[in-house]
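Below, read A as the first sequence line, B as the second, and so on, with proteins coming before strands; counting in each chain starts at 1.
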Amino acid sequence: MTRPTDQDLIDFVIRETRLIDQHRFEEWLDLFADDGIYWMPLEWGQTDPRLTASLMYEDKLLLKIRVERLKGNRTFSQKPKSRCHHLLQTPQIEKRDESANQYVTWTPMHYVETRLDRQDIFAAWATHTLAVIDGGLKIKLKRVDVVNCDAAFGNIQLFM
Amino acid sequence: MTRPTDQDLIDFVIRETRLIDQHRFEEWLDLFADDGIYWMPLEWGQTDPRLTASLMYEDKLLLKIRVERLKGNRTFSQKPKSRCHHLLQTPQIEKRDESANQYVTWTPMHYVETRLDRQDIFAAWATHTLAVIDGGLKIKLKRVDVVNCDAAFGNIQLFM
Amino acid sequence: MTRPTDQDLIDFVIRETRLIDQHRFEEWLDLFADDGIYWMPLEWGQTDPRLTASLMYEDKLLLKIRVERLKGNRTFSQKPKSRCHHLLQTPQIEKRDESANQYVTWTPMHYVETRLDRQDIFAAWATHTLAVIDGGLKIKLKRVDVVNCDAAFGNIQLFM
Amino acid sequence: MARYRGDVEAVKALVRETEVHRDVYIDEEVFALEMEHVFGNTWVYVGHDSQVADPGDYFGTTIGTQPVLMVRHSDGTVKVLHNRCPHKGTRITTETYGNTGKFFRCPYHAWSFKTDGSLLAIPLREGYDNTGLEQSHAARGMSAVRHVHNYRGFVFAKLNDTGPGFDEFFGESLSSFDNLIDRSPVGKLEVAGGVLRYMHDCNWKMLVENQTDTCHPMIAHASSAGTAIDVWKNAPPGAKKPMAVEIFAPFMSSYEFFEKMGIKVWPNGHGYTGVHHSIHSDYSAIPGYFEKMVEAYGEERAKAILGENRHNTVYFPNLMIKGPIQLIRVFKPLAADKTLVESWTFRLVGAPDVLLERTLVYNRLINAPTSVVGHDDLEMYERAHEGLHVDANQWVNIQRLYDPSEGPDATAVTNGTTEWQMRNQFRAWSKFMTMSM
Amino acid sequence: MARYRGDVEAVKALVRETEVHRDVYIDEEVFALEMEHVFGNTWVYVGHDSQVADPGDYFGTTIGTQPVLMVRHSDGTVKVLHNRCPHKGTRITTETYGNTGKFFRCPYHAWSFKTDGSLLAIPLREGYDNTGLEQSHAARGMSAVRHVHNYRGFVFAKLNDTGPGFDEFFGESLSSFDNLIDRSPVGKLEVAGGVLRYMHDCNWKMLVENQTDTCHPMIAHASSAGTAIDVWKNAPPGAKKPMAVEIFAPFMSSYEFFEKMGIKVWPNGHGYTGVHHSIHSDYSAIPGYFEKMVEAYGEERAKAILGENRHNTVYFPNLMIKGPIQLIRVFKPLAADKTLVESWTFRLVGAPDVLLERTLVYNRLINAPTSVVGHDDLEMYERAHEGLHVDANQWVNIQRLYDPSEGPDATAVTNGTTEWQMRNQFRAWSKFMTMSM
Amino acid sequence: MARYRGDVEAVKALVRETEVHRDVYIDEEVFALEMEHVFGNTWVYVGHDSQVADPGDYFGTTIGTQPVLMVRHSDGTVKVLHNRCPHKGTRITTETYGNTGKFFRCPYHAWSFKTDGSLLAIPLREGYDNTGLEQSHAARGMSAVRHVHNYRGFVFAKLNDTGPGFDEFFGESLSSFDNLIDRSPVGKLEVAGGVLRYMHDCNWKMLVENQTDTCHPMIAHASSAGTAIDVWKNAPPGAKKPMAVEIFAPFMSSYEFFEKMGIKVWPNGHGYTGVHHSIHSDYSAIPGYFEKMVEAYGEERAKAILGENRHNTVYFPNLMIKGPIQLIRVFKPLAADKTLVESWTFRLVGAPDVLLERTLVYNRLINAPTSVVGHDDLEMYERAHEGLHVDANQWVNIQRLYDPSEGPDATAVTNGTTEWQMRNQFRAWSKFMTMSM
Ligand code: FES
Ligand code: FES
Ligand code: FES
Ligand SMILES: [Fe+3]
Ligand SMILES: [Fe+3]
Ligand SMILES: [Fe+3]
């Protein structure tokens, strides 16, 4: 693929979250470009990831550590395991810049994380910045803005 | 209709849940094939409905009993009545096998059930196995996997 | 635009809720026709807005008062401010009557309102009655039916 | 630990002439005692008899935290029964409204009860022969509340045998009810329009006090009423002022307006604002209504009735009524920090529909969980409920225009900005709280 | 305030011959005392040893509100350990099932414990030299429950040293277990199919009482079982009656049916319904099963085993078992107003799969949070829990077929509609509640 | 029932030399007493004065469970006021930050207060003439906390008049603050980057103890730090080690490393880990920073400052600071089983931005609700909070390297794996808990 259709972009985002819900984390990690970033701001409308705190601002190495940890036999916070569920409003194409090889989608979503008898629900907007690399779409940046990003949260252990 | 379009399948699933929310249960029941099944597994990724417990595994007779009961004058757990609300991610076509007359859709959804001042929310994935019968789509199997299927629940009285 | 496409109608509804979530309330207000109404019934399946109580039944003047109030420096119930989040099932076209210049959409949705560490979630159905005015779509009536419309609620300060 | 139960002195010490201790608002034990004493020894509003028009009609509600059923008995009188089966305690019905026919039937084992609560039948009754059932609590059926009074359609009940009789308890304060009812050309009201239910995370008394708190509107409601006025300023010249603006605007009246409005206090904690005029005084006339009133009452009396513009009349412990706009608010205590506010509206039988329409506009704009005025107030209550947890100052001040000579159970008219009515309520609170301790 | 702790008389006064005070159901202090005494002085069901088949296998559960681990020790015996590290209190494992190998290892600082709970090792052990660790509570490791009994696979534990021995506590009531187990041609059960977990906002005892409440099905379950019968009426003639209808229909049996069914009471609060017949009597035969039973036991004994159709056997305090359908229900107390019902199913080793299939159908239709029969019952419990807050009548009636001569700890068979078994439970409740006060 | 209030002996009995009773963690009455005594008699961290740079700037927070405002008064000093209006108790502001100008104005009735809390004005003031307002609690305005101390920007307050003075309370423990502050070439800090708020369903003291618990990282954090090391192993040779790995890796240091690191205890429950070295020792140098420090302090002093690598310094009751990485954590008690952890970061004024960047990376990786290290720890706390409900062993062990001669309020440096600092905290807890009983 060189010029993804809008439907390609939508399908990609849906598949991305579905892989998380299915705990197929390695495959999910492969969706990121080598310099891909997962960003969950702490601040409403945050612009600076460097000198302002974030909930997450992780490169592929850090994401890989998470994925490996989730499999680990001594990961006690995952004994028993958490599960999660994404519900997406149909992703909207915010930007198509083929010359710059940049495609941006905007997706309102709910994220449910559950473990034992506890269930937490989060409302957020996901913004995906994608690029075509080696003929396939990859994530350059996945930004997740939680509506109450600055609220006091308990554990959030999987991926929104 | 002999060969439903993808949109036909999507519309069918949306209509199916809408009928529930509108308490049009007889019409809803008519969407099931005579040998149709409604399955709500108890186990994460459950494969066997027979020797493993399920929350629901009901044929049309059992579903009919529920529908009749909901109308009953001595159904005290429905005095006052519950209401429910489905919110669907756009159903995705998982499989189209026209030769086998089998069409499968996958639909992440939230289900809210409310009664008096109580409201419960459930996150689930619905998998519909459909077939064209007498020129119309019918449900052979509706499978609802709740993300925390094995959690302790209070009453779930209507249909996800 | 004289004859909106179905996609136009869908995009309009999505944009309408997005403006609310972005706190762009003046722009949002502009989406209403001069005689536009925002209606949130109190009663399940309510038909009469006049001699039956509603949660909201507001013309543009009243909506304007709300919008101005939200900006006010002495609006203490908004110190700090609330935030909100809409999650929509893809709007469905209920009616297209070009001769009458009336277009109706139906949209299941979740609405989250949050302030400080509190988060409330509401499940509702939005019904938009739209018309083309001066070449653009405008809201004649936005009706929001909350699934538990008659439940006891705390503050609902923004717009569903 | 028990710090108040059975300790009359400790309870009395909570209320001073001009200050009230915060435990009155935030202590769960005090709340439990309120339910037993304050809501047991006083006449508490249950409902309106138009809600149970026909024999067998019932309405489910609560007195304090006690679930009860108001039911129209076969003899046409209105009974108030505890909503509880004497067998295993099962709530007989959970629905707010219904018609039970000639008897109630428990859904668990089908014991049945007449609409006055008395035990009618038990399946396999012989299973109780010679068991002494007659001496059991169960034999009494659904316990009926013994003290019930229907005042021109408004039904009150007193749970305990202690406490004053109906007339002694209300005295001349009933005049506010009379004015509300007389506004119907046929002297009859009907509950209409539906009830707004608004949950408050604060103590119920904060709401009751707020009803006669005339120093807060111009401050706390500047955001809503003030904005309404500002927005209306930009209306095209000559545009007819909408009901909504007519309703919002007076909230921004001056201190002088509220001072002159006057407050009247009555014994047992009752009282009202708006003796001389009120925020309801200047509503525009409803075409055809006055004529109907003159027809019914003659001009002089009709003028007198409509000339009364009482703002908020508070009936101790938890009711407020607004004659000129035909609505009442019930402040239902759920816990020390939880209160459900129910706002009910009435149709004046024989009057134009437009009156009910205006009543509903008022209710929606002022009393709904989606009401901006409601947001203003609830923010204050919840902040107060939080603030009362501060240990450094444990007292609430109710001193404005205090006069050492005012004394308990007085009848008096005074400056509209006084906190006397709050003091009046707390004196009554002290009295009924300790009466049966 | 403490109204019951340490006051034996006050606790005794809660239970009368034919009435029980509502505090027994809704008072949190009474609940706390139940956890210490009723669930401390009696033999409480922990689990089935097929859940921990191999050494190191564990099953996490609770006794009352105490988290415990049932574990297969290296010597093959089943141990019950408190799920708590002696160092900082960390729960050792949160998973329901697992195999821990030769020892448990705490995830916080890696102290380790043998599968009998004894302390095995501490990293940097020398850090405790000459600190007197031996005299500390920590030295005891994971506290093991001292009184554990494995009855033919069913594991019970008693937390306190007070209270009767296993045989004295159960006596001949074990016959219901025997009948359940003997239904396997090889006399062996296995937990199978998974557990249904159903949350109830009511007191745990309401559920226990309901197990022998034979006057409610035809009323409370008319909506589900009654409807099932009606719907089946329209089935095409000659259609084979499905399992589901076979299961639903008997709930609508007549009063006479239930009267004749008979109830048996045993000492210490145990008892069962269905002495002569039960709702399980007329299930159709499973092909090949009877043959296997005859093979194993001989015809006469096989018939005797299968002829027993005990309906619900209640084991005080919180277990119910159903031999003919091979399931048990555990009523787990979480709070005065919160109860988790676990419904467990068993495979009869050596019997056809179809039996397990039927057991699962039964469990799904009757005991799931999605079960219409469950909805009928829970509605009653929650209504009762609400209704018990009515102060005007604070007593629950358990008087049906009461006979002053029946006395405590009797063994007797009587009319199937009696509430004797409920009285029997409350007499036991009183006894074990006050035994160690 | 009250088991501890007013019973000094019972409270003292909760803490033994080497064991602590579980009620200290899970009992709500003990928690309430902690709020009155432990958080009343000690100097509790309120905030940093860079949060209120200009006159009228305020910062809203809590001391224990008491809502307060830290405000910059017109005279430039920092005041701490109770966030509560003396009229009806309304919280004056709910926003965390703001500038109130010359005075606070209550949103309910517009009473106003100077930024030192004193009553400034009341609308219609004459309404209080001759009412004795002067003698009322209200006349005091917003109650100001009398004991406030600003130590080089860090603001502490003591709510009660009992308890030691600031210098006596902290003594030489302030050296950790000095080292943190001196790391700025200009000796000045600024709160920067935003605060991470992490909710914990456990008792606040579990977190405080964990700060000097050096035997848990290699076990509890093997899942996160251990995995980080493993993953990094596969990095291409010569790849520059990222900050993240530099931060994670030391958590997996050996017992020996932690033993040698050393722990120092101070009187009144203060102490720190990392006397000789710490997990922060080997961070790579930030270009340009050392030069700036030499410029400011001269080489020797600069080396001395940066040579200090104290790990966690605990200030009793609920503060922890990390000099080398410029962050502090406040463990805010909300209930016996609820604790809000706030992790604040600082900019070293005059130092390169990269230091703040690293501080934020650290905070994000270790202290966020999304942090894997945080997940490891919270899992332990919540399991412990559960486990402590086990009745069979009601004691927590704090015995490691206990020496009967260590005594209370000692100053000493000892083995880095000791639990002495935990004992030190509990001795202080006992002292301040009973000081004003
Ligand atoms: S509980 Fe009402 S009849 Fe038994
Ligand atoms: S808490 Fe179990 S080893 Fe420390
Ligand atoms: S409550 Fe603050 S001014 Fe009245
Ligand atoms: Fe107000
Ligand atoms: Fe039942
Ligand atoms: Fe840690």
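Within residues 419-426 of chain E, the residues that have a heavy atom under 4.5 Å from a heavy atom of chain D are E:E419, E:M422, listed by number. Interface with chain D: from residues 382-401 of chain E, residues E:R383, E:A384, E:E386, E:G387, E:L388, E:H389, E:V390, E:D391, E:A392, E:N393, E:Q394, E:W395, E:V396, E:N397, E:I398, E:Q399, E:R400, E:L401 qualify, criterion being any non-hydrogen pair under 4.5 Å.
Distance check: E:Y381 OH to D:T90 OG1 gives 10.5 Å after rounding to the nearest 0.5 Å.
When heavy atoms are compared at a cutoff of 4.5 Å, E:D213 approaches chain D solely by way of its side chain, counted from C-beta outward. The part of E:R16 that comes within reach of chain D is its side chain, from C-beta onward, which places non-hydrogen atoms under 4.5 angstrom from that chain.
Highest contact tally toward chain E, considering only D:P67, D:S136, D:C85, is held by D:S136 [criterion: heavy-atom pairs under 4.5 Å]. Contact tally against chain E (heavy-atom pairs below 4.5 Å) for D:E36, D:M35, D:K88, D:R84: the top residue is D:R84. Top candidate by heavy-atom pairs under 4.5 Å with chain E, chosen from D:T94, D:L159, D:L124, D:I122, is D:L124.
Shown here is E:E256, whose CD atom has no more than 12 heavy atoms of other residues, nucleotides or ligands within 6.0 Å. Around atom CG of D:D75, more than 12 heavy atoms belonging to other residues, nucleotides or ligands sit under 6.0 Å away.
Side chains of D:Y108 and E:D377: a donor-acceptor N/O pair is absent below 3.5 angstrom, by distance only.
No side-chain heavy atom of D:P107 sits less than 4.5 Å from a side-chain heavy atom of E:E379.
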